[in-house]
Amino acid sequence: MASAPVLASARRILLLGLLAGYINALSFIDLGGMFAGAMTGNTIHMDATFAAGNWQHGLQVAELILVFFLTAILAACVRLISRPVYGFVIIATLLIIAQSVHGAPHQVHYECLVLPALMAVQGQTLARFSGNAIQTVVITSNLLKCAAALAAWLMSCLPGSITPRPSRSAIFLPGLSWVAFLMGAATASMALSLKTSLPFLWPLPLVALLCWDISRAERANLLD
C-alpha cells in the first residue's frame, strides 16, 4: 500500500488529535484524575493510590489499564482481518455508549470500561502517516520525535555536517499531533465550562469525517 501525501496525513492527524485530546480531557474530569488514553499517567496514579492505602481507587485505575490493554489486543486483531474504516465505526459506537451512561448511576464504573476501550481502538486503527509512525492517542513520544527530527535538521545545516537531513514531514507531523491534542483538550474544557449537553456526541462529526477520508483512501490504496 502506497504512502499517503503529507497533507492527507496532516488532515488525519489533526482530526485524530482533536478526538484524543477531547476524550482524555473529559475523562480526566469525569473519572477523577484518570485518563482514557494516557497509561503512563494512570500507572503512576495507580501506584500512588496503592501507596496511600486507597485500594479501592487503585483497583479502579488498574481495571482501566487492563481494559485498555485487552481492547488494544482485540483492536489489533480486527485491524489484521478487516479494513481500518471499521475501527472508526467502533469508535462512533463507543462514543454513543459513553453518552448513554454519562450522568447515570455508577457512571465512573461504566466510563472506565468504555473510554479506555475507545482510545485503544483509535491507537490501533491508524498509527502510520506518510511513512511516519505517529501515535495520536498520547503525545509524549511525538514531542520527542519532533525534537529529534528538528535537532537532526539543525545539525545537518552546519558546515561540513554529515548528518542526514530529515524530511519536513518528520518534523511537522509529530508537532502537529501535539497541537491537535492541545486543541481537543481545550475544546473539552470549553464544553465543560459551558455545561453543554451531550458532550460525548460532540466528536461524532470528526469521526464521520475520518470514516469518509479513510474509505476514500482505501479505495485509492493510499493509506499509510
Side chain proximity check, [X] to [Y], heavy atoms < 4.5 angstrom:
| X | Y | value |
| --- | --- | --- |
| Thr196 | Leu194 | yes |
| Val108 | Cys112 | yes |
| Phe28 | Met34 | no |
| Leu209 | Phe88 | no |
| Pro199 | Leu26 | yes |
| Leu204 | Leu95 | yes |
| Gln60 | Met46 | no |
| Gln56 | Thr49 | no |

Next item on the list: Give the ring-plane orientation class for Trp202 versus Tyr22, where under 30° counts as parallel, over 60° as perpendicular and anything between as tilted.
Entry: parallel
Heavy-atom closest pair, residues [X] and [Y]:
| X | Y | value |
| --- | --- | --- |
| Asn24 | Ala38 | OD1-N, 3.6 Å |
| Thr125 | Pro84 | CG2-O, 3.2 Å |
| Val121 | Gly87 | CG1-O, 3.5 Å |
| Val6 | Leu173 | O-CD2, 4.2 Å |
| Ser27 | Ala36 | OG-N, 2.9 Å |
| Thr136 | Gly17 | CB-N, 4.5 Å |

Enter the distance from [X]:[atom1] to [Y]:[atom2] here, rounded to the nearest 0.5 Å.
| X | Y | atom1 | atom2 | value |
| --- | --- | --- | --- | --- |
| Leu14 | Ser177 | CG | OG | 10.5 Å |
| Leu150 | Leu143 | CG | CG | 12.0 Å |
| Phe68 | Met39 | CZ | CE | 5.0 Å |
| Gln107 | Leu31 | CD | CG | 8.0 Å |

State plainly whether one hydrophobic cluster holds both [X] and [Y], where clusters connect Ile, Leu, Val, Met, Phe, Trp and Tyr through side-chain heavy atoms under 4.5 angstrom apart.
| X | Y | answer |
| --- | --- | --- |
| Val89 | Met119 | no |
| Ile65 | Ile23 | yes |
| Val138 | Val67 | no |
| Met183 | Phe200 | yes |
| Val78 | Ile214 | no |

Item checked: More than 12 heavy atoms from other groups under 6.0 Å of CZ on Phe50 -> yes
Check: Would you say Leu7 has more than 12 foreign heavy atoms packed within less than 6.0 Å of its CG?
Finding: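 Count not over threshold, so no.
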Item checked: Sole candidate of Leu64, Ile97, Leu118, Val101 that passes side-chain contact (heavy atoms from CB on, under 4.5 Å) when paired with Glu111 -> Val101
Margin query: So does Pro164 get a backbone contact from the side chain of Ser156, meaning a donor-acceptor N/O pair under 3.5 Å?
Written below: no
Check: With clusters built from Ile, Leu, Val, Met, Phe, Trp and Tyr whose side-chain heavy atoms come within less than 4.5 Å, directly or transitively, what are the remaining members of the cluster of Leu66, listed by chain and number?
Finding: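 Same cluster as Leu66: Phe69, Leu70, Ile73.
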Notebook entry, point to check: Does the ring of Phe172 carry Arg168 above it, NZ/CZ under 6.0 angstrom from centre and within 45° of its axis?
Noted result: no
Check: Are a donor atom and an acceptor atom from the side chains of Gln135 and Ser141 found within less than 3.5 Å of each other?
Finding: no
